[in-house]
Structure formats: structure tokens, C-alpha cells
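So the structure is just underneath, and the comments pick up after that.
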2 protein chains.
Amino acid sequence: MSHFPFQRLQADLAALIAKSPPGSRLPSEPDLAADLGVSRATLREAMRTFEAQGLIRRRQGAGTFVVGKPPVIEAGLEALESMLTLAQRTGLKVGPGPVNVERISADEESASALEVFPASRLIRVSRTMRADLRPVAYLVDTLPEEVLRPEELREKFSGSVLDYLLGRGDPLTISRTEITASNASAEVAKMLEIQRGDVLLQFSAKLISASGKVVDYSHSYFLPGHFKFHIVRKVGKA
Amino acid sequence: MSHFPFQRLQADLAALIAKSPPGSRLPSEPDLAADLGVSRATLREAMRTFEAQGLIRRRQGAGTFVVGKPPVIEAGLEALESMLTLAQRTGLKVGPGPVNVERISADEESASALEVFPASRLIRVSRTMRADLRPVAYLVDTLPEEVLRPEELREKFSGSVLDYLLGRGDPLTISRTEITASNASAEVAKMLEIQRGDVLLQFSAKLISASGKVVDYSHSYFLPGHFKFHIVRKVGKA
DNA sequence: ACACTAGCATTTGTCAGACAACTTCTCCCC
DNA sequence: GGGGAGAAGTTGTCTGACAAATGCTAGTGT
């Protein structure tokens, strides 16, 4: 079939990883290269692609390990709920990581999304969600400072911007969410403890109040495999 | 900061690719390796990750090229429409590729989804959607043979299973769609002319008739960047 | 007996150089 | 002008080597 070593190698490696129990160590690179009939350089290129998929993890001096599949958080998309609410309902032990609150000036993207002037003062709340001691989601909320004051937030913040706004009695109505697949930027990769370029499921959402004002613009990054989002769609035009 | 060559290299490469005009050729590997201060082997490992992200394309004997950003097909997820209908409304010149229709026996996954007995006879319709001469989506529909006969399909098939069923007057109601990020399997990679392991946005949907029967189980694979799916979500419980 | 440390074997990370396979262009010949 | 051979350039793969990090082991001191 494929007389290119790299393609055959990928198939062989995929099979090997699939049949190896999670947490187990693969043979050393020289051994594997000899077994699979390729050079170590070619083997390493192929391994890099599997590492980017999060299927294996390489540690210098220790070896290459198969990573186990994590628990799945399942959620419908019709209603907007905070990740915290979601996690509680699924019964999974998911906890928020440390919360980072900072003042920023609106960049072009945020200003456009929040419908404010460039360089307006904004609040950015970012945090990770952890399940099984591993970060599985990275959430970044951006709000105008007039909507949410940093000091106000630090006092009574429970880990969810949405829950906080609702608890304060804000008249929120809908959220417009955009769904894409993306690759981890350097910043996101660091927070999720993965490699730059790893594949992620990404939501970009605007939270809209009863008056039509955009009160929150958020980016959410989810590790694939940890989440299962579903939606019920009507056939034809609404 | 990062005293590991690979991480610094990824940042440098990302910057280089970002500022290079689409379609342009990068310097040769030996030149680039010298410029960036790494060996060719390390450079190639890094390039492999960017190739998996679809940002560059390497061709033996020709060079490494920056791939341009494609047109975007934007669609809401509240209503279920065929990709064909969608493409027409966006005004983009999107056409279906060759259609493959085959009889199969239900494997475990299909049988479970369609609520039929294992080894039941099924029809599988698979095809790619092309935009700009490139495949951008790969769609696989699986239906019980009692719902759709192959010969019936071949006569009047327009490129969309959904449109065909609707045109026939089937009482379809809703679709339950699951959304994940995934990596291309060997089969999908071949059809989309990408590399195994490349990142994809994946929908898995069940199409349900008025009587509650599952009439179609489909997997759709979308190249990131070509599509923008959005959804309007109500706040709180429905 | 226990804690600590130094050293050694193992493994991944990176480098250098070489050759094969493929693409593209040039130049010569007809 | 057209066609084909050839050369130059580029990616694909291989070999061998050394550096850096890890984990184990044996030895040492208390």
C-alpha cells in the first residue's frame, strides 16, 4: 500500500499505542525503531504527531508513556450553564484551579466583540478546570470594567463568572456561542499543561443581557475526549 | 525562558509562518535550520507539528509552502440543514465530490446508534464536500437498508441524504448531534487529502423520524478554519 | 538499621553528515 | 518551437554520536 515509511510507521505506531494499556511504557526509541524497521529520526517525527494528539507523553531520561483516556463530561448545548454547575450535575470531581483576575485594555478583538471603544478598560478572568488532577479546560472571560469590578469579584467569587452575574440578579438572556476546532497557543498550552499546537475544542461566546448589551466575551478551550457536547436540532427552517 | 531548543523553535517557526504570505515557499530546511540555530532533525520535528495543524505543506523535491486561509462557511446549529443547502445559501462555490454508496453489515457502533441488531444490513453513503478545489468536509451517512435502498438512491441522489429523505416526504423531526474535536483516522485523512492525525471538528448525529425511529446515523468531519458553527443558547434551565 | 549521596545504566533530546527520491528548471538537440 | 536529457535544488530517510535528564543501586556515614 503505502511504500512511504512514514505512513506505514504511523499505522504501526497507532496500533501499538492502541493495544498498550494506559500508563504503560513503550519500548525505548532505539528498540522501537529497530522493531518497526525505521531510523530513530523517522520514528521520532511520527511520535511527535502522536504526542501532539495527546496519546503519548515523552519524558527525557524516563521513557515514553501511553496516556490513559479520561472521564467524560457530557452536556447539552441548548441551555447555557456554568462549567461548575455542569460538573456538579455530572457527579464528577471537577474543581476550579487558581483564578487569575487582571485589568487589561481592550484589544481589537475584545473591543469588537464587546462593542466598546478600543483601549477601554476591561476585566479578564481566567482559570482552569481540573478533573482527575489534570487540567481539562481553560476558560477566559472578558468583561467591561463597568459591568464587573475586580475588587467586587475577588470577594465573592465562586469560580464561575456566569453564576456570579446570575446571583447578582443581572438580567441575562442568551449566549451566542461559536464552535471551532483549534490548536493550542503558547499561552493556552501552558495553562492546560499540554504542548503548543495540540488539538482543542474551542467555544467563543458572547453573553447578552436583556437590554441587548454584550456583557461578557469568553473563550473556552476543552481537551478533546474529556467532554461530550451534544445538541438537538430541528429539521428544516425554524 | 525556554532553554529547550524545541520550544523556542516552535515559537520562531510560528512567527515565520504567520508573517509569510499564503502560498509562499519557506527557505529550504538546511537554510532554515542554520538561521534558527537548530539541527535539521529538530527543525523537521517542529515542522511536522505545523504540518499536522494544516499551516504548511511539504512536498518532496519542491519545498515547504505556507497554506492560505480558506473561505469560511458560517452556519447556525439550531436547525438541521444539509451541507449542500448551507453552501448554496452562503453563496460559496461548494460542490460535492464523488459519492460512494456501499452495503455493509452493522458493526457494534452503528447497530447501537441505529437501534438495530448487529450484522443487520445497512447502507453507507460517503462523500466529500469541496470548496476552492480542496476537500473541506467528509460526510458519512449510515442508514438501515429498509429505510433507503441503494438502487433507489443512485437514481435521484443530489448529494445530500437529508434532502433526499425530505424530498421523499419522510416525517423527520429532530437530529441529536454530538460535537467533538478529533484527529483524522487513516480513512478520513485519505478522503480529505490531509495527514493522519490532523485536527478536525467532528459531528456525530442521529436523525430521528416522527415515530421516534433512528433513520440515519452520520459522522461529519470538518477542516478547521473552513467552517464557523454558532449556536444561540438560553441562559439557565430551558 | 536508616538516611543520604555518589555513581552508573538507561532513555530521550539534539546534532552532524550523508545519500536517496522527487521536483523543477535549463539547455541542448532535432 | 518542441522534446528530452541532465543538472541543481529540496524533502525523505538513515547512521552514528554526544548531551541532558531520570531512576536505580551500591556504598557510606551516623
Side-chain angles (χ1 to χ4, degrees), chain A residues 1-13 16-17 20 23-67 186 189 193-198, chain B residues 1-14 16-17 20 23-67 186 189-190 193-198:
Chain A
M1 180 80 100
S2 297
H3 47 295
F4 291 96
F6 186 83
Q7 296 185 22
R8 188 171 36 208
L9 174 59
Q10 273 197 320
D12 291 346
L13 252 188
L16 174 62
I17 293 173
S20 298
S24 64
R25 214 195 68 184
L26 296 181
S28 73
E29 292 181 354
D31 290 353
L32 247 188
D35 286 355
L36 300 177
V38 296
S39 74
R40 221 188 121 208
T42 303
L43 173 67
R44 281 184 59 80
E45 269 200 61
M47 279 185 148
R48 182 67 78 180
T49 70
F50 286 95
E51 189 180 26
Q53 293 179 47
L55 296 175
I56 59 175
R57 168 116 185 248
R58 297 191 281 184
R59 278 166 51 208
Q60 183 174 356
T64 302
F65 300 85
V66 178
V67 332
E193 296 170 18
I194 57 178
Q195 290 235 335
R196 211 201 96 88
D198 283 8
Chain B
M1 180 83 98
S2 296
H3 46 295
F4 290 96
F6 186 83
Q7 296 185 22
R8 189 173 34 207
L9 174 59
Q10 273 197 320
D12 292 345
L13 252 188
L16 174 62
I17 292 173
S20 298
S24 63
R25 214 195 69 185
L26 295 181
S28 73
E29 292 182 355
D31 291 354
L32 247 187
D35 285 355
L36 301 177
V38 297
S39 74
R40 220 188 122 207
T42 303
L43 173 67
R44 281 183 59 81
E45 270 200 60
M47 279 185 149
R48 183 66 78 179
T49 69
F50 286 95
E51 189 180 25
Q53 293 178 47
L55 296 176
I56 59 174
R57 168 114 186 247
R58 296 190 281 183
R59 279 166 50 208
Q60 183 174 356
T64 302
F65 300 86
V66 178
V67 333
K190 183 182 171 188
E193 297 170 17
I194 56 178
Q195 292 236 334
R196 210 201 97 86
D198 282 9

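The structure presented is a predicted model; accordingly, all values stated were derived computationally and were not measured. Just so we're on the same page: letters track the sequence lines, and every chain starts at 1.
DNA chain C is contacted by A:Arg44, A:Arg58, A:Arg59 of residues 43-59 of chain A, taking any non-hydrogen atom closer than 4.0 Å.
Note on the helix from C:dA1-D:dT30 to C:dC30-D:dG1: terminal axis deviation equals 10°, with five pairs used at each end and the result rounded to 10°.
Put simply, the side chain of A:Asp198 gets close to the backbone of A:Gln195: a donor and an acceptor are under 3.5 Å apart.
Spacing between atom CZ of A:Arg40 and atom P of D:dG16 amounts to 13 Å, rounded to whole angstrom units. One atom, CZ of A:Phe65, and another, C1' of C:dT10, lie 12 Å apart when rounded to the nearest Å. With rounding to whole Å, B:Gln60 atom CD is found 9 Å from C:dA21 atom P. Rounded to whole Å, the distance from CZ on A:Arg8 to C1' on D:dG12 is 14 Å. Rounded to an integer number of Å, the gap from A:Leu9 CG to D:dG12 P is 14 Å. Distance B:Arg25 CZ to C:dC22 P: 19 Å, rounded to the nearest Å.
In the set C:dG13, D:dC14, C:dT24, the nucleotide with an atom closest to the side chain of B:Ala62 is C:dT24.
Summarising the geometry of A:Ser20 relative to A:Val66, their closest heavy-atom pair is CB-CG2, 3.7 Å, with the distance given to 0.1 Å.
In this structure, B:Arg44 and A:Arg44 have side chains that are not in contact, with every pair of non-hydrogen atoms separated by 4.5 Å or more.
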